[in-house]
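The structure appears right after this line, and notes come after that.
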Amino acid sequence: MSATSVIGLQWGDEAKGKIVDLLTPEHDIVVRYLGGNNAGHTVKFDGETYKLSLLPAGILHRSVVSVIATGVVINPKAFLTELDGITSRRGDVPPTQMLISDRAHVIFPYHIAEEAAFEKARGGNAIGTTGRGIGTCYRDKAGRTHAIRMADLIRPEALKRRLNEVVPQKNQAIKALDPSMTPFDADAIFAEYTTYADRLRPYVTDTTAFLHRAVRENKKLLFEGAQGCLLDIDHGTFPYVTSSNSSGCGIHSGSGVSERVINRMIGVVKAYTTRVGGGPFPTELLNETGNRIREVGREYGTVTGRPRRCGWFDAVATGYGARLSGVDCLAVMLLDVLSGIPDLQICEAYDIDGQRVVDFPSQVEDLARAKPILRSVPGWTEDITGVRKLANLPANARRYVDTIQELIGYPVQIVSVGPDREQTILD
Ligand code: GDP
Ligand code: IMO
Ligand code: MG
């Protein structure tokens with residue numbers, strides 16, 4: 001058995017896409033198993049930039065099969081737009097090369113409208129979602145009565161029946177929150193979605209059966225995480241989270257493949273911390289250093305273009321993410337962004353109401369009161385983007401990576417010093 005998983009240990013955007021792209025050639029199958037087009041994975045190579053949302057980053061390699069498994073929520077229009085973008089740049093993606101789960105749930109326009117109405121109703125406490133209808137689609141999945149899955153989408157009679165049941169009720173629910181809304185028309189949605197279904201049908205299959213067969217045949221699987229541990233619906237900074245299990249906990253439920261097949265669980269971390277959307281962020285830097293990190297690291301959301309909130313590396317939060325996911329090792333990304341900052345800080349504990357706390361708080365109200373207890377690590381001034389060996393890093397950069405390793409308690413096996421594939425130190 002040989003499977004690898006790539007999990008973000010912070011609040012997302014840890015550069016999982018780069019690691020997946022790097023590891024894909026060693027694998028046969030890449031599996032996306034959670035989230036939807038809320039994810040934004042940027043991959044750079046040969047001077048080209050690819051932005052992937054729903055398609056696994058593995059799609060850029062023709063040697064592997066890409067699987068969009070059961071736990072993903074799919075906006076068919078967004079999916080086809082992305083597929084067409086990839087096709088125009090890298091050629092056709094035949095159904096043998098990409099499989100979509102018939103159990104995956106489908107996002108409809110009313111999910112997006114419903115989410116907008118919920119967010120508006122929360123006012124200043126809005127979750128700050130990506131506005132893609134992700135949470136409202138998962139809400140329908142958990143509620144069951146209003147859910148529509150890929151298997152229903154590709155069967156016109158089932159789709160028509162389900163839309164006729166669901167759409168009038170959705171109109172009522174959304175209107176209660178937003179009286180100005182224009183009601184959705186079940187027939188119009190049916191007409192639009194059957195055209196998507198016609199294109200998607202060849203790709204839709206029982207991906208769980210496919211993956212079980214692949215495991216039996218000793219194929220090499222790569223699980224591509226989306227979002228990050230602290231956005232996990234059960235274990236993250238609830239309610240400022242996404243609506244699925246985005247820590248390692250979600251691999252099994254989202255793919256249908258036991259995590260016991262995984263022999264390398266890579267926890268991906270940024271050398272600092274970013275967060276998009278609402279919720280507490282103890283090490284946030286609302287100052288020049290935060291702005292500098294945002295500009296040098298180009299910390300603007302791939303999906304929404306929102307400026308990402310930036311702060312120091314938080315070993316309490318990240319260590320929690322690592323333990324939650326059961327990682328074997330760490331990949332420390334974007335180390336180059338910190339070059340030139342004279343006095344770096346790493347949060348090693350929180351001060352909450354005068355108490356030193358090292359366990360990540362379960363309640364956001366407590367996290368909001370947490371003041372970071374910071375350890376100073378001297379910075380470096382050298383440009384490190386050309387470094388390819390740990391031994392060639394400036395002593396202080398090495399010390400910085402060692403401090404992360406010591407505080408998190410897992411070995412650092414990958415260090416990234418730039419967005420390109422080549423700008424990677426593999427220990
Ligand atoms: P993901 O969602 O976890 O895949 O991460 P994103 O793609 O949203 O954000 C990571 C960004 O950092 C992307 O724009 C990458 O091209 C870029 N990136 C990846 N690794 C490095 C690195 O080591 N240094 C720098 N400067 N940028 C990097
Ligand atoms: P990748 O895969 C960063 C955040 C949103 C918001 C919260 C809920 O690129 O790391 P949602 O639309 O999921 O209901 O929004 O989760 N969020 C992400 N933040 N990276 C992501 O994905 C994210 N996906 C969702 O900003 O705070
Ligand atoms: Mg991202």
Side-chain angles (χ1 to χ4, degrees), residues 9-11 13-15 228-230 237 267-275 280-299 308-323 329-361 366-385 387 390-418 425 427:
L9 301 189
Q10 295 156 319
W11 278 286
D13 301 325
E14 298 89 350
C229 289
L230 306 173
T237 48
V268 188
V269 305
K270 251 176 199 168
Y272 46 94
T273 311
T274 61
R275 170 158 214 186
F281 178 179
T283 61
E284 185 167 16
L285 288 166
L286 298 165
N287 59 16
E288 267 317 299
T289 307
N291 294 342
R292 177 193 171 128
I293 291 174
R294 184 176 308 106
E295 294 315 312
V296 176
R298 298 209 196 95
E299 294 293 358
R308 294 174 181 155
R309 300 158 66 191
C310 299
W312 295 127
F313 187 86
D314 183 341
V316 181
T318 313
Y320 169 69
R323 291 188 293 279
C329 61
L330 303 176
V332 176
M333 313 300 287
L334 294 108
L335 187 65
D336 54 298
V337 173
L338 299 181
S339 298
I341 300 177
D343 185 24
L344 299 168
Q345 311 279 332
I346 292 181
C347 170
E348 58 178 25
Y350 298 145
D351 175 331
I352 303 181
D353 304 333
Q355 301 287 315
R356 185 183 167 92
V357 173
V358 291
D359 289 331
F360 191 67
D366 298 336
L367 188 64
R369 294 200 313 285
K371 294 187 198 74
I373 298 174
L374 298 169
R375 183 190 291 197
S376 283
V377 188
W380 59 94
T381 51
E382 297 89 334
D383 176 359
I384 60 170
T385 54
V387 176
L390 270 187
N392 295 343
L393 278 176
N396 285 348
R398 185 73 194 267
R399 193 176 305 165
Y400 187 83
V401 172
D402 288 347
T403 307
I404 289 179
Q405 175 166 292
E406 176 208 321
L407 289 171
I408 306 295
Y410 297 94
V412 174
Q413 289 187 351
I414 301 172
V415 176
S416 176
V417 292
I425 301 170
D427 192 27

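This one's a predicted model, so the numbers in the text were calculated from it and none came from an experiment.
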Q: Over all heavy atoms of both residues, which pair between I425 and V387 is shortest? Give the atoms and the distance, please.
A: CG1-O, 3.6 Å
Q: Without swapping roles, check the side chain of S339 against the backbone of D336 for a donor-acceptor pair under 3.5 Å.
A: yes
Q) Between D353, D351, T283, I352, which is the residue that forms a side chain to side chain contact (heavy atoms under 4.5 Å, CB included) with K371? A) D351
Q) Within a strict 4.5 Å, meaning less than it, do heavy atoms of the S416 and E14 side chains meet? A) no
Q | Spacing of C310 atom SG and L285 atom CG [to the nearest 0.5 Å] | A | 8.5 Å
Q. Among all residues two or more places apart in sequence or in another chain, which pass the side chain to side chain donor-acceptor pair (under 3.5 Å) test with Q10?
A. none
Q. Should L367 and P282 count as side-chain neighbours, where that means a heavy-atom distance under 4.5 Å?
A. yes
(Q) Please check: side-chain N/O of Q405 versus main-chain N/O of V412, any donor-acceptor pairing under 3.5 Å? (A) yes
Q. Do you know which two heavy atoms are closest between W380 and L335, and how far apart they sit?
A. CZ2-O, 3.6 Å
(Q) Test side-chain hydrogen bond (donor to acceptor under 3.5 Å, both in side chains) on D314 and Y350; report intermediate values, then the result. (A) CA-CA 10 Å; D314 183 341; Y350 298 145; 2.6 Å; yes
(Q) Working to the nearest 0.5 angstrom, can you tell me the gap between F360 CZ and T237 OG1? (A) 6.0 Å
**Q.** From L9 atom CG to L330 atom CG, the distance as rounded to the nearest 0.5 Å
**A.** 6.5 Å
(Q) Let me confirm one number: the CG-CZ distance from N392 to R398, rounded to the nearest 0.5 Å. (A) 10.0 Å
Q: Look only at the side chain of K270 and the backbone of L334, and say whether a donor-acceptor pair between them is shorter than 3.5 Å.
A: no
Q. For E284, which of R309, R308, R294 qualifies under salt bridge (Lys or Arg N to Asp or Glu O under 4.0 Å)?
A. R309
Q | Approximate separation, where rounding is to 0.5 Å, of L338 CG and Y400 OH | A | 5.0 Å
Q. What's the spacing between I346 CD1 and T403 OG1 if we round to 0.5 Å?
A. 5.0 Å
Q) Can E406 and R399 be counted as an ion pair, charged N to O under 4.0 angstrom? A) no
Q. Taking NZ, NE, NH1 and NH2 as the nitrogens, is one of them in E299 or R292 under 4.0 Å from a carboxylate oxygen of the other?
A. no
Q. Do V377 and Q345 touch side chain to side chain, with heavy atoms closer than 4.5 Å?
A. no
